[in-house]
Asks: 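Sharing a structure here in structure tokens format.
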Number of protein chains: 2
Amino acid sequence: MCELLAMSANVPTDICFSFTGLLRRGGATGPHKDGWGLVFYETGGVREFKDHLPSSESPIAKFLQEYSIKSHIVISHIRQANVGKVSLANTHPFQRELWGKQWTFAHNGQVNDFKQFPLSRFQPVGSTDSEHLFCWLMGQLDKQFSSAPPMEQWQKLIHECCLQIHKAGIANILLSDGDALFAFCSSKLSWITRKAPFGTARLADTDVTIDFSRVTSVDDVVSVIATEPLTIDETWHAIPPGEYCVFVDGKFMDKPAQS
Amino acid sequence: MCELLAMSANVPTDICFSFTGLLRRGGATGPHKDGWGLVFYETGGVREFKDHLPSSESPIAKFLQEYSIKSHIVISHIRQANVGKVSLANTHPFQRELWGKQWTFAHNGQVNDFKQFPLSRFQPVGSTDSEHLFCWLMGQLDKQFSSAPPMEQWQKLIHECCLQIHKAGIANILLSDGDALFAFCSSKLSWITRKAPFGTARLADTDVTIDFSRVTSVDDVVSVIATEPLTIDETWHAIPPGEYCVFVDGKFMDKPAQS
């Protein structure tokens, strides 16, 4: 299994604190030593960093812990390989362009019979179940909509598709088009929203404490989604298996009634 | 205008030396201060680094000059903006997946009437002429071939398309699918192949000399392609305008006769 981390914020925010906790799980406090990746949606574009080295030993990961990149959506993943060898091509997150938007995907879990999900115009470059599932999801969106629909419409379709994957295996999924952050829980995924009044928090995986009131302003709203809660002194919400959450500009969005 | 740099090698090779020369042109010895990007095709996958800061000031560029990433194909670009504002989305190289391969593109020049080249399934995320042209090229490949053809076939089609773009403006182009490196010259592009016996070379833009015989083995073959020769004591070959070169595993490839 792998570890997922994502952030949605209403102002450009750095994720150094959460990333520091996550990285420790990549070969130090956790077994997820088979590479890691981070995608930042920043003002004006998208940037990706990946390494096939364990995140606890990666010079690029170390650089990113110290170099503050401020973004409004982040998707990150550290990998413990199951399907597909350790390589850059098999390192999440994966990206594809659809409707002139850059989509980003990361997956925690395992779907053995992933080839039951047929591919169309999007093809995997690597050999993971995860990238195959992402290509299938992108193909489903492409078939259903010729251009970008209102976000509720693509989220409804993606949720229906995620439920099909959920029946075939375990698939905790993070997906973003740069506007919304979509999180589907198949087995384990938690989230927290931080807003004023901000307090302190202590990482579960390393002895680091942050006082958010010193690094935020009163209007900031930041949500963090992770496989396991990253801090030990805050209340995280578990997403029930089979359900999804959407975050826009840091805020948890109420979803339309599901049919 | 921008500066292009690419490398093709038969063994995983680092580009720190050439990149050091190029980076000086990004705001120090040259006016190309509007961002930079580097794509590495490594054993097992592709990795991209981008920044909208001038390359001569970018902490990520500095990190990459010191951190040796060994790859068999590299495409790099430093930007002086003409069409499209300074932003990550407008920073080259651009990437798209086609036929399960990751394609990378960078452009030097300017094509004002770029919208005459119609788009199909690939759409630009940013607002440059360059990304539009890349999307058009990828669309042409997709229309002509349903799966990856022998490389001579896609190169012939891309050359025909590049000649159409060349009629509409200036377009020095670097393109790779991870196997071959394709370089089209519209106005200015030079290349050099280094192989045994290796000598020394001195960068044109900064006082750095390298003795390649100390960092290579006798079977290494490495070609470098750049807008302007990067060294002052080696013989570079200029590609004639309207023509293209292909490099595979570091070697300059003889092309089939053109109709």
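Worth saying up front: this structure is predicted, and the values here are computed from it rather than measured. Letters go in sequence order (proteins before strands), and every chain restarts at 1.
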Asks: Check every N and O of chain B against chain A and note each donor-acceptor pair under 3.5 Å, with its distance.
Replies:
residue	atom	partner	partner atom	Å
B/Gly44	O	A/Ser87	OG	3.4
B/Gly44	O	A/Leu88	N	3.3
B/Gly44	O	A/Ala89	N	2.7
B/Arg47	NH1	A/Lys50	O	2.9
B/Arg47	NH1	A/Asp51	OD1	3.0
B/Lys50	O	A/Arg47	NH1	2.8
B/Asp51	OD1	A/Arg47	NH1	3.0
B/Ser87	OG	A/Gly44	O	3.4
B/Leu88	N	A/Gly44	O	3.3
B/Ala89	N	A/Gly44	O	2.7
B/Arg96	NE	A/Glu97	OE1	3.0
B/Glu97	OE1	A/Arg96	NE	3.0
B/Glu97	OE1	A/Gln123	N	3.2
B/Glu97	OE2	A/Gln123	N	3.3
B/Arg121	O	A/Arg121	NH2	3.0
B/Arg121	NH2	A/Arg121	O	3.0
B/Gln123	N	A/Glu97	OE1	3.1
B/Gln123	N	A/Glu97	OE2	3.3

Asks: For residues A/Ile15 and A/Phe40, determine if any side-chain heavy atom of one lies less than 4.5 Å from a side-chain heavy atom of the other.
Replies: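 Side chain of A/Ile15 against side chain of A/Phe40, heavy atoms only: contact under 4.5 Å found.
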Asks: Does any backbone or side-chain atom of A/Val46 lie under 4.5 Å from a heavy atom of chain B? Answer side chain, backbone, both or neither.
Replies: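 When you check distances to chain B, only backbone atoms of A/Val46 fall under 4.5 Å.
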Asks: Checking heavy atoms, do the side chain of A/Leu64, its backbone, both or neither come under 4.5 Å from chain B?
Replies: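 Contact with chain B is absent: no heavy atom of A/Leu64 under 4.5 Å.
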Asks: So which part of B/Pro59 gets closer than 4.5 Å to some heavy atom of chain A, the side chain, the backbone, both or neither?
Replies: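 Both parts, heavy atoms under 4.5 Å.
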Asks: Among B/Leu88, B/Ile69, B/Leu119, B/Val86, which has the most heavy-atom pairs under 4.5 Å with chain A?
Replies: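 Among B/Leu88, B/Ile69, B/Leu119, B/Val86, the one with the most close pairs to chain A is B/Leu88.
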Asks: Are any of the side-chain heavy atoms of B/Leu181 and B/Leu175 separated by less than 4.5 Å?
Replies: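 They are not in side-chain contact.
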Asks: How close do A/Ile75 and A/Pro93 get, counting heavy atoms only, and between which atoms?
Replies: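 Heavy-atom minimum between the residues: O-CG, 3.5 Å.
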Asks: State which residues pass ring-ring contact (aromatic ring centres under 6.0 Å, His included) with A/Phe134; sequence neighbours excluded, sorted by chain then number.
Replies: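 Checked A/Phe134 against ring-ring contact (aromatic ring centres under 6.0 Å, His included); matches are A/Phe105.
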Asks: Are A/Ile170 and A/Val111 packed together at the side-chain level, in the sense that at least one heavy-atom pair is separated by less than 4.5 angstrom?
Replies: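 Counting from C-beta outward, A/Ile170 and A/Val111 never come under 4.5 Å.
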Asks: A side-chain contact here means heavy atoms from C-beta on lying under 4.5 Å apart; do A/Ile60 and B/Phe63 qualify?
Replies: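 Side chain of A/Ile60 against side chain of B/Phe63, heavy atoms only: contact under 4.5 Å found.
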Asks: Does the side chain of B/Val74 come within less than 4.5 Å of B/Phe19's, by heavy atoms?
Replies: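 No. Closest side-chain heavy atoms not under 4.5 Å.
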Asks: Could you check which of B/Cys135, B/Gly126, B/Ala89 has the highest count of heavy-atom pairs closer than 4.5 Å to chain A?
Replies: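 Max contact count across the listed options: B/Ala89.
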Asks: Going through the distances and angles, do A/Ile158 and A/Leu141 end up as a side-chain contact (heavy atoms from CB on, under 4.5 Å)?
Replies: CA-CA 8 Å; A/Ile158 290 291; A/Leu141 288 178; 3.9 Å; yes
